[in-house]
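First the proteins, then the strands, lettered A, B, ... as listed; each starts at 1. Hydrogens, waters and symmetry mates are skipped; everything else that's a heavy atom, side chains included, is used. Worth saying up front: this structure is predicted, and the values here are computed from it rather than measured.
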Amino acid sequence: MPKIAPYFSKKLIVWYLQNKRNLPWRNTNNPYHIWLSEIMLQQTRVLQGLPYYLKFIEAYPKVEDLASAPEDEVLKLWQGLGYYSRARNLHATAKRVANEMEGIFPNNYKDLLKLKGVGDYTASAIASISFNQPEAVVDGNVYRVLSRFFGISTPINSTAGQKEFKQLAQELIVKEQPGTFNQAIMEFGARYCVPQNPDCENCIFNDSCVAFQQKKVAQLPVKIKSKPVKQRFFNYLVILSENERTVLQQRNGKGIWHKLYEFPLIETSKEIEVSELQKLPQFQDFSDKINIRNISLYNEEAVVHKLSHQHLNTRFWIIETLDETESSVAISEIESYAVPVLIANFVSEFFENY
DNA sequence: AAATCGGGGTT
DNA sequence: AACCCAGATTT
């Protein structure tokens with residue numbers, strides 16, 4: 001290993017310098033920009049995160065701008081990117097840096113790690129890219145490249161695996177150019193050593209890659225399987241008043257979409273029809289407050305909104321009323337609220353010609 | 001150690 | 001349908 005390490009690392013950097021994409025966060029060492037990009041790219045493809053990065057940089061050129069923005073505004077800009085705790089932690093950290101640290105980010109791994117939303121990967125990325133510290137990153141790409149090249153079958157999502165791969169990456173990092181090495185190994189995983197059907201025949205490492213030599217490329221990396229997805233059944237109550245207003249509620253407490261807005265929701269254990277809906281205590285609490293003129297089902301066939309760990313089988317119930325509903329929102333104002341994609345899709349479809 | 005947190009691309 | 005993405009945090 002000590003012999004192959006310099007060979008692997010240098011060759012990787014040469015490949016990177018010839019093949020890297022020109023991405024906006026690669027033209028800067030500004031820790032605010034690097035931090036923002038790294039938070040956005042957590043579990044997110046570069047092409048999905050890129051437009052959000054550009055939006056945020058434009059809306060909030062400096063960390064103080066982000067710090068002074070209302071949380072609802074930050075969540076609205078984040079809408080569609082998912083994992084919304086990232087946006088809430090992003091905002092909280094911006095406030096801390098702006099108000100308690102004089103707008104200056106920590107310049108080392110240990111202190112970066114204390115920031116909300118910054119874990120081992122992100123602290124290492126910022127430390128290496130912005131501050132030239134030799135801290136190795138281990139993301140999904142790094143797991144894949146290292147497990148294949150070195151033929152390591154320790155599950156990457158086990159505690160032992162995380163420790164083993166982190167230590168290996170730390171041994172491989174080029175200390176003179178840690179940021180470049182880190183980005184090189186990630187770029188190689190993202191663009192060449194891809195999850196399925198990598199082009200190993202033409203790979204620069206195919207003479208030394210253990211997985212290729214042993215024909216185990218398709219079996220690596222090893223990952224412990226997660227449990228099957230949960231089926232949930234959502235009934236959204238879409239209130240329509242005579243004066244073109246509806247009701248939105250902010251999600252509180254635990255669970256998905258914390259602090260985003262949605263129509264009043266009744267979750268059931270299975271799909272239900274209108275007679276069953278009307279018998280539910282949650283619905284009766286609701287109908288006590290407004291005078292319902294008519295109820296109709298918008299979609300007989302449930303919309304299945306697929307998340308990593310759950311499928312949301314969703315039906316929208318259109319509830320017409322004459323009342324001026326309490327804490328209501330004008331139809332035309334819905335788009336100013338941060339809502340889940342599931343809601344945004346319905347709104348744009350249902351109110352298209354409204 | 002395991003569960004949870006989104007949405008979208010690829011095969 | 002299964003797998004994965006420039007992971008972090010909570011249980």
Select base, sugar-phosphate, or nothing to describe what [X] touches, counting heavy atoms under 4.0 Å on all strands.
X: A/Thr122; value: sugar-phosphate
X: A/Trp78; value: nothing
X: A/Asp120; value: sugar-phosphate
X: A/Gly255; value: sugar-phosphate
X: A/Leu47; value: nothing
X: A/Val118; value: sugar-phosphate

Looking at [options], which one has an atom nearest to any side-chain atom of [X]?
X: A/Tyr84; options: C/dA6, C/dT11, B/dG6; value: B/dG6
X: A/Tyr121; options: B/dG7, C/dC4, C/dA8; value: C/dA8
X: A/His309; options: B/dG7, C/dC4, B/dT4; value: B/dT4
X: A/Lys227; options: B/dT4, B/dG6, C/dC4; value: B/dT4
X: A/Asn89; options: B/dG6, C/dT9, B/dG7; value: C/dT9

Quiz prompt | Short N-O contact, A/Glu273 and A/Lys279, less than 4.0 angstrom | solution =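 No, this pair does not count.
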
Quiz item: Salt bridge check: are A/Glu187 and A/Lys20 linked by an N-O gap of less than 4.0 Å?
Solution: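 So A/Glu187 does not pair with A/Lys20 through a salt bridge.
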
Practice problem: Please step through side chain to side chain contact (heavy atoms under 4.5 Å, CB included) for the pair A/Thr154 and A/Ile156, ending with a clear verdict. | Solution: CA-CA 6 Å; A/Thr154 312; A/Ile156 60 172; over 6 Å; no

Exercise. Take atom P in C/dA6 and the same atom in B/dA3, then report the distance between them in whole Å.
Key: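 Taking atom P in both C/dA6 and B/dA3, they lie 25 Å apart.
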
Practice problem: For C/dC5 versus B/dG6, give the span between their C1' atoms, rounded off to a whole number of Å. | Solution: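 It comes out at 12 Å once rounded to the nearest Å.
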
Side-chain N,O ([X]) to OP1/OP2 ([N]) below 4.0 Å:
X: A/Trp257; N: B/dT4; result: no
X: A/Lys225; N: C/dA2; result: no
X: A/Arg26; N: C/dA6; result: no
X: A/Gln43; N: C/dG7; result: yes

Between [X] and [Y], how do the two ring planes meet: parallel, tilted or perpendicular, split at 30° and 60°?
X: A/Phe283; Y: A/Phe286; value: tilted
X: A/Phe8; Y: A/Phe149; value: tilted
X: A/Trp257; Y: A/Phe234; value: perpendicular

Practice problem: Would you kindly say whether A/Lys163 and A/Ser158 are connected by a side-chain donor-acceptor distance under 3.5 Å? | Solution: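 No - no donor-acceptor pair under 3.5 Å links their side chains.
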
Self-check item: Given DNA chain B, 5'-ward residue of the pair A/Leu81 and A/Ser226, judged by closest heavy atom
Solution: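 Mapping each residue to its closest nucleotide by heavy atoms, the 5'-most match is A/Ser226.
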
Quiz item: Of A/Ile256 and A/Ala160, whose closest DNA chain B nucleotide lies nearer the 5' terminus?
Solution: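 Its nearest nucleotide lies further toward 5', so the answer is A/Ala160.
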
Are there any protein N/O atoms within less than 3.5 Å of an N/O atom in nucleotides 8-11 of chain B, and if so, which ones and at what distance?
| from | atom 1 | to | atom 2 | distance (Å) |
| --- | --- | --- | --- | --- |
| B/dG8 | N2 | A/Arg45 | NE | 3.3 |
| B/dT11 | O3' | A/Asn197 | ND2 | 3.2 |

Exercise. For residues A/Ser153 and A/Gln219, determine if any side-chain heavy atom of one lies less than 4.5 Å from a side-chain heavy atom of the other.
Key: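 They are not in side-chain contact.
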
Whole angstrom value for the distance that separates [atom2] of [N] from [atom1] of [X]:
X: A/His33; N: C/dA6; atom1: NE2; atom2: C1'; answer: 18 Å
X: A/Ile129; N: C/dA6; atom1: CD1; atom2: C1'; answer: 9 Å
X: A/Gln219; N: C/dC3; atom1: CD; atom2: C1'; answer: 15 Å
X: A/Lys254; N: C/dT11; atom1: NZ; atom2: C1'; answer: 9 Å

Quiz prompt | Base B/dG6 paired with A/Tyr83 side chain (donor-acceptor, <3.5 Å) | solution =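 Answer is yes: a donor-acceptor pair is held.
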
Practice problem: Record whether the side chain of A/Thr44 comes under 3.5 Å of the base of B/dG7 through a donor-acceptor pair of N or O atoms. | Solution: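 It does not, because no donor-acceptor pair links the side chain of A/Thr44 to the base of B/dG7 below 3.5 Å.
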
Self-check item: Gap separating the NZ atom of A/Lys116 from the NZ atom of A/Lys95, nearest 0.5 angstrom
Solution: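 Spacing of NZ (A/Lys116) from NZ (A/Lys95) equals 9.0 Å.
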
Practice problem: Hey, which sits more toward the 5' end of DNA chain C by its nearest nucleotide, A/Leu113 or A/Lys223? | Solution: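 Its nearest nucleotide lies further toward 5', so the answer is A/Lys223.
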
